[in-house]
Enquirer: 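Dumping the structure here so I can ask a few things about it.
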Amino acid sequence: MMPEHILVAVAWPYANGPRHIGHVAGFGVPADIFARYHRLRGNRVLMISGTDEHGTPITLVADKEGTTPQAIADRYNKIIGDDLYNLGLSYDTFTRTTTANHYAVTQDIFRTLYERGYIIRQETLGAFSATTGRTLPDRYIEGTCPICGYDEARGDQCDNCGSQLDPTDLINPRSKVDGQPPVFKPTEHFFLDLPAFAEQLRAWIDQQGHWRPNVRNFSLNFLKELKPRAITRDLEWGVPIPLPEYSNRDDKKIYVWFDAVIGYLSASIEWARNRGEPDAWREWWQNPDARHFYFMGKDNIVFHTVIWPAMLLGYGAGGQFGANPGGKYDGIPLQLPYNVVSSEFLTMEGKKFSSSRGIVIYVNDFLSRYDADALRYFLTIAGPENQDTDFTWAEFVRRNNDELVATWGNLVNRTLSNVYKNFGSVPQPGPLTAADEQVLAEVTGGIETVGELLAAARFKAALSEAMRLAAQVNIYLSEQEPWKVIKSDRERAATIWYVALRCVDTLKIIFTPFLPFSSQRLHEYLGYDGYIAGPLRFQDVTEADGRTHRVLTGDYDQWSGRWEPSALPVGQTLRQPQPLFKKLDEKVVEEELARMQSRAL
RNA sequence: GCCGGGGUAGCUCAGCGGUAGAGCAAACGGCUCAUAAUCGUUAGGUCGCGGGUUCGAAUCCCGCCUCCGGCACCA
């Protein structure tokens with residue numbers, strides 16, 4: 001089978017603070033499982049993302065700390081990058097939106113859309129901060145609701161009566177940031193002409209029968225009331241507008257969302273350049289057979305199903321980057337998303353995550369006490385794949401101890417301990433019985449069944465099936481009782497343990513996308529060398545302007561793992577095994593709840 | 001308010017037109033190689049409420065209750 005080109009496009013974490021486990025549950029972990037699976041299958045995967053570093057919230061954090069937006073972005077780019085590395089998220093390129101490359105690609109898309117008439121100018125009445133002169137987004141304006149009299153209504157809606165509002169509707173409007181009344185004045189903005197693409201988008205989305213129904217329905221509905229959308233803001237922090245009259249102005253920039261989605265393309269271009277093959281990204285973006293999978297939370301659906309596709313349609317095969325005169329992909333437009341995999345939300349002990357109220361567990365804090373695979377297991381088996389789900393410490397401990405440790409960890413440990421102690425290497429089997437053949441066939445079948453579920457982005461079902469297969473091997477061992485058999489018939493015991501080892505070795509591959517760290521350790525206990533999948537590394541990239549930034553990447557071409565059944569050689573020497581996972585004390589629940597309580601004070 | 005998605009065993013969830021399912025928790029039993037891990041058996045639900053379509057409805061339709069999300073300048 002020809003290797004497929006798969007683009008795994010992961011939502012860009014916003015760099016105004018550390019990210020909590022809800023963020024990585026929604027897109028990071030699922031996307032990584034998907035990417036790892038496809039790499040094991042031998043497909044050519046390009047997994048890209050980065051930190052999203054423009055926009056109002058970062059400027060507010062900077063103001064509060066008396067520093068620059070760039071300093072804030074630098075700090076959280078580092079923390080978030082470290083988190084993703086520690087979680088084993090195997091990005092080909094995890095970069096950032098403040099690179100010269102990203103600015104160039106963003107401006108190319110803006111300029112191309114503008115020249116083709118898809119970006120139009122319009123004057124609007126904007127709200128500005130009286131103290132800083134910057135745009136005050138509707139959400140940052142508070143006042144009394146003209147309908148119900150609630151005095152903490154926001155500029156976009158009243159949380160008390162639910163009415164849709166304009167900031168100018170509010171009685172006694174004031175900035176949420178400094179309490180001053182906002183200044184309203186006319187300002188020119190650029191609008192993306194979304195209605196120009198409405199029919200094309202509708203026809204395209206109609207054909208996407210493989211999308212999750214909520215994604216498709218929601219997007220089609222969104223198309224019904226499509227209006228031009230402002231893509232600039234009165235802000236000094238952002239990508240400059242690439243038009244002569246704005247080149248020297250520092251008060252109007254491209255809106256963060258417009259540049260953030262372009263990151264999928266700019267990061268791909270950066271990946272190719274860093275690799276020394278500047279046109280390599282075209283194999284994913286202009287190859288008609290490539291498939292693009294986007295992973296994000298449900299709040300971001302329309303940016304990926306409507307707005308970004310509209311931008312891509314408008315850009316087509318043009319611009320400075322898209323054009324490939326005389327090249328292999330001359331005149332071929334950029335690819336639209338193949339699937340948009342949206343997750344629901346994770347809640348924390350029954351409540352919404354809230355940094356300000358202390359209802360939160362940050363990724364780095366979590367990983368300082370617990371293993372990445374334990375978190376990856378929980379977020380996959382109990383995560384918000386199809387509906388909102390709740391993270392509780394009690395459930396985390398229970399799933400870790402009763403499922404991960406007891407079923408899979410114990411199967412590995414009892415098998416390796418027995419074989420290591422009694423044989424030291426993979427034993428030579430005698431003739432296989434029907435029971436032996438059956439368990440081998442069932443586990444081998446998992447390569448197919450779990451693989452199909454992974455390809456369909458049904459991660460919860462895929463991991464459940466893998467766990468069921470591990471339980472099947474535990475049943476097999478209970479029935480065969482090799483620890484008894486060895487006392488009278490060493491050859492038969494050797495056969496049983498050989499079968500169990502083969503099953504464990506196949507399950508190791510099946511579990512690798514979900515649990516890469518423990519699978520690697522198991523790989524070594526089984527006597528193999530090299531990396532089954534990994535490792536990740538950081539790379540420092542210096543651009544033409546002399547600035548340097550750090551990119552998370554990895555040498556994934558070197559992976560030795562293949563999505564195939566075990567071919568464990570008889571006689572291979574095992575290494576001394578250790579338990580794969582840590583059993584957690586029940587006291588962890590109380591400790592963590594107390595920790596959360598103290599943060600809330 | 002409008003749009004979308006949920007409400008199924010004590011808990012977490014799967015099923016989405018053809019005799020109610022899984023894991024965990026519970027009760028009992030087996031095993032003791034393994035991180036007291038494991039294996040088996042049992043028990044447990046008028047599938048949010050009310051109507052309708054159908055030979056047959058968790059599953060389709062209508063209404064209602066309730067929870068979550070989105071609603072265009074939060075990202």
Side-chain angles (χ1 to χ4, degrees), chain A residues 11-16 52 54-58 124 126-127 135-141 147 154-157 161-164 166-167 189 194 212-222 224-235 255-257 260 297-303 306-307 342 344-345 347 352 381-382 384-390 392 394-395 398-399 401-403 405-407 409-419 421-422 458 460-461 464 467-468 471 474-479 481-486 493 496-497 500 577-584:
Chain A
W12 290 54
Y14 193 65
N16 68 334
D52 179 12
H54 295 121
T56 304
I58 285 178
T124 63
T135 286
L136 211 43
D138 292 358
R139 290 255 161 136
Y140 286 83
I141 300 171
I147 294 159
R154 289 194 317 243
D156 55 346
Q157 82 170 58
C161 67
S163 309
Q164 294 297 299
D166 260 336
H189 278 301
L194 289 171
R212 290 181 186 172
N214 62 327
V215 173
R216 193 154 160 266
N217 293 338
F218 189 73
S219 305
L220 285 170
N221 190 57
F222 186 83
K224 287 181 194 157
E225 291 181 51
L226 217 49
K227 289 190 279 191
R229 187 178 178 108
I231 55 167
T232 49
R233 292 289 182 278
D234 292 296
L235 203 65
Y255 171 43
V256 58
W257 244 109
K298 61 179 162 183
D299 51 338
N300 284 344
I301 291 174
V302 295
F303 287 100
V306 175
I307 296 170
S342 137
E344 304 292 306
F345 286 157
T347 54
K352 269 195 226 184
I381 201 78
E385 185 174 310
N386 295 311
Q387 61 180 265
D388 292 355
T389 57
D390 194 27
T392 64
E395 186 71 356
R398 208 223 74 199
R399 293 247 187 210
N401 290 354
D402 298 344
E403 297 180 13
V405 173
T407 303
N410 184 49
L411 170 63
V412 171
N413 196 234
R414 71 200 301 207
T415 303
L416 293 183
S417 300
N418 272 283
V419 177
K421 190 169 56 189
N422 292 310
R458 297 193 56 197
K460 189 179 285 206
S464 298
M467 290 297 282
R468 192 187 69 77
N474 276 324
I475 293 171
Y476 166 80
L477 286 175
S478 290
E479 286 168 350
E481 301 181 307
W483 48 88
K484 266 190 197 168
V485 172
I486 198 166
I496 297 166
W497 285 122
Q578 296 290 321
L580 285 186
F581 308 106
K582 290 196 215 70
K583 187 161 173 158
L584 297 173

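All chains are named by letter (A, B, ...) in the order of the sequence lines, taking the proteins before the strands, and each is independently numbered beginning at 1.
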Enquirer: Rounded to whole Å, please give me the gap between CH2 in A/W497 and C1' in B/rC33.
Expert: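 It works out to 5 Å between those atoms.
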Enquirer: Could you tell me the Watson-Crick or G-U partner of B/rC31, where both distances fall under 3.5 Å? Say none if there is no partner.
Expert: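 Pair assignment: B/rC31 / none.
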Enquirer: Under 4.0 angstrom, heavy atoms only, what part of the nucleic acid is A/A471 near: base, sugar-phosphate, or nothing?
Expert: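 The residue A/A471 makes sugar-phosphate contact but no base contact.
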Enquirer: Determine the contact category for A/L226: base if any of its heavy atoms lies under 4.0 Å from a base atom, sugar-phosphate if only primed atoms, P, OP1 or OP2 are that close, otherwise nothing.
Expert: base
Enquirer: Under 4.0 Å between any heavy atoms, over every strand shown, what does A/V405 touch: base, sugar-phosphate, or nothing? Just pick one.
Expert: base
Enquirer: Over all strands shown, is A/A406 touching base, sugar-phosphate only, or nothing at heavy-atom distances under 4.0 angstrom?
Expert: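 Counting heavy atoms under 4.0 Å across all strands, the contact made by A/A406 is with sugar-phosphate only.
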Enquirer: Using the P atoms only, state how far B/rC24 lies from B/rC61, rounded to an integer number of Å.
Expert: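 So the two P atoms sit 35 Å from each other.
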Enquirer: Could you check whether A/T392 gets within reach of a base, just the sugar-phosphate, or nothing at all, counting any heavy atom under 4.0 Å?
Expert: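 Answer is nothing: A/T392 stays at 4.0 Å or more from every strand.
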Enquirer: Would a 4.5 Å heavy-atom cut-off, applied to side chains only, mark A/Y255 and A/L235 as touching?
Expert: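 They are not in contact (no side-chain heavy atoms under 4.5 Å apart), so the answer is no.
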Enquirer: Mind checking if A/K582 touches a base, just sugar-phosphate, or nothing, with heavy atoms under 4.0 Å?
Expert: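 The residue A/K582 makes no contact with any strand.
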Enquirer: Under 3.5 Å, which N/O atoms of the protein pair with N/O atoms of nucleotides 20-24 of chain B?
Expert:
{"from": "B/rG23", "atom 1": "O2'", "to": "A/E403", "atom 2": "OE2", "distance (Å)": "3.2"}
{"from": "B/rC24", "atom 1": "O3'", "to": "A/D402", "atom 2": "OD2", "distance (Å)": "3.4"}
{"from": "B/rC24", "atom 1": "O2'", "to": "A/R398", "atom 2": "NE", "distance (Å)": "3.0"}

Enquirer: Which part of the nucleic acid, if any, lies within contact of A/K224, taking any heavy atom under 4.0 Å across all strands shown: a base, the sugar-phosphate backbone alone, or nothing?
Expert: nothing
Enquirer: Quick one: closest heavy-atom pair of A/P482 and A/L477, and the distance?
Expert: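 For A/P482 versus A/L477, the nearest heavy atoms are CD-O, 3.6 Å.
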Enquirer: Go through B/rU38, B/rA75, B/rG69 for me and flag the one nearest to the A/V256 side chain.
Expert: B/rA75
Enquirer: Look through every strand shown and name the nucleotide pairing with B/rG23 as Watson-Crick or G-U wobble, where both distances are under 3.5 Å.
Expert: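 Base partner found: B/rC11.
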Enquirer: Please classify the nucleic acid contact of A/N474 as base, sugar-phosphate, or nothing, using heavy-atom distances under 4.0 Å.
Expert: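 Result for A/N474 = sugar-phosphate.
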Enquirer: Looking at every strand, decide which applies to A/P57 at a 4.0 Å heavy-atom threshold: base, sugar-phosphate, or nothing.
Expert: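 A/P57: backbone/sugar contact only, no base atoms under 4.0 Å.
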Enquirer: Look at all strands and tell whether A/T389 reaches a base, only sugar-phosphate, or nothing, counting heavy atoms closer than 4.0 Å.
Expert: sugar-phosphate
Enquirer: Is a donor on one side and an acceptor on the other found under 3.5 Å between the side chain of A/N474 and the backbone of A/T407?
Expert: yes
Enquirer: Identify, between A/I381 and A/K484, the residue whose nearest nucleotide on RNA chain B lies closer to the 5' end.
Expert: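 Here A/I381 is the residue nearer the 5' end.
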Enquirer: Counting only Watson-Crick or G-U wobble pairs whose two distances fall under 3.5 Å, which nucleotide matches B/rC55?
Expert: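 Pairing partner, where one exists within any strand: B/rG18.
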Enquirer: Rounding to an integer number of Å, can you tell me how far A/D52 CG sits from B/rC74 C1'?
Expert: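 Those two atoms, CG and C1', are 12 Å apart.
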Enquirer: How many Å lie between CD on A/E481 and C1' on B/rG40, as a whole number?
Expert: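 Spelled out: CD on A/E481 to C1' on B/rG40 is 13 Å.
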Enquirer: Over all strands shown, is A/N16 touching base, sugar-phosphate only, or nothing at heavy-atom distances under 4.0 angstrom?
Expert: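 Here A/N16 touches no strand at all.
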Enquirer: Once you apply a heavy-atom cut-off of 4.0 Å, does A/R216 come out as touching a base, just sugar-phosphate, or nothing?
Expert: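 Contact class for A/R216: none.
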Enquirer: Does B/rA58 adopt a syn or an anti glycosidic conformation, taking syn as a chi angle within 90° of 0?
Expert: syn
Enquirer: Looking for any heavy atom pair under 4.0 Å, which part of the strands does A/L580 touch: base, sugar-phosphate only, or nothing?
Expert: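 Result for A/L580 = base.
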Enquirer: Among the nucleotides B/rC73, B/rG40, B/rU38, which one has an atom lying closest to any side-chain atom of A/I475?
Expert: B/rG40
Enquirer: Report yes if a donor N or O on one partner sits less than 3.5 Å from an acceptor N or O on the other, where the partners are the side chain of A/N410 and the base of B/rA34; otherwise report no.
Expert: yes
Enquirer: Should we count CZ of A/R216 as having more than 12 external heavy atoms under 6.0 Å?
Expert: yes
Enquirer: Quick check on RNA chain B: between A/W257 and A/P579, whose nearest nucleotide comes earlier from the 5' end?
Expert: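 It is A/P579 whose nearest nucleotide is closer to the 5' end.
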Enquirer: Could you tell me how far B/rA22 sits from B/rG63 if I compare only their C1' atoms? Round to whole Å.
Expert: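 Looking at atom C1' only, B/rG63 and B/rA22 are 33 Å apart.
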Enquirer: Once you apply a heavy-atom cut-off of 4.0 Å, does A/F345 come out as touching a base, just sugar-phosphate, or nothing?
Expert: sugar-phosphate
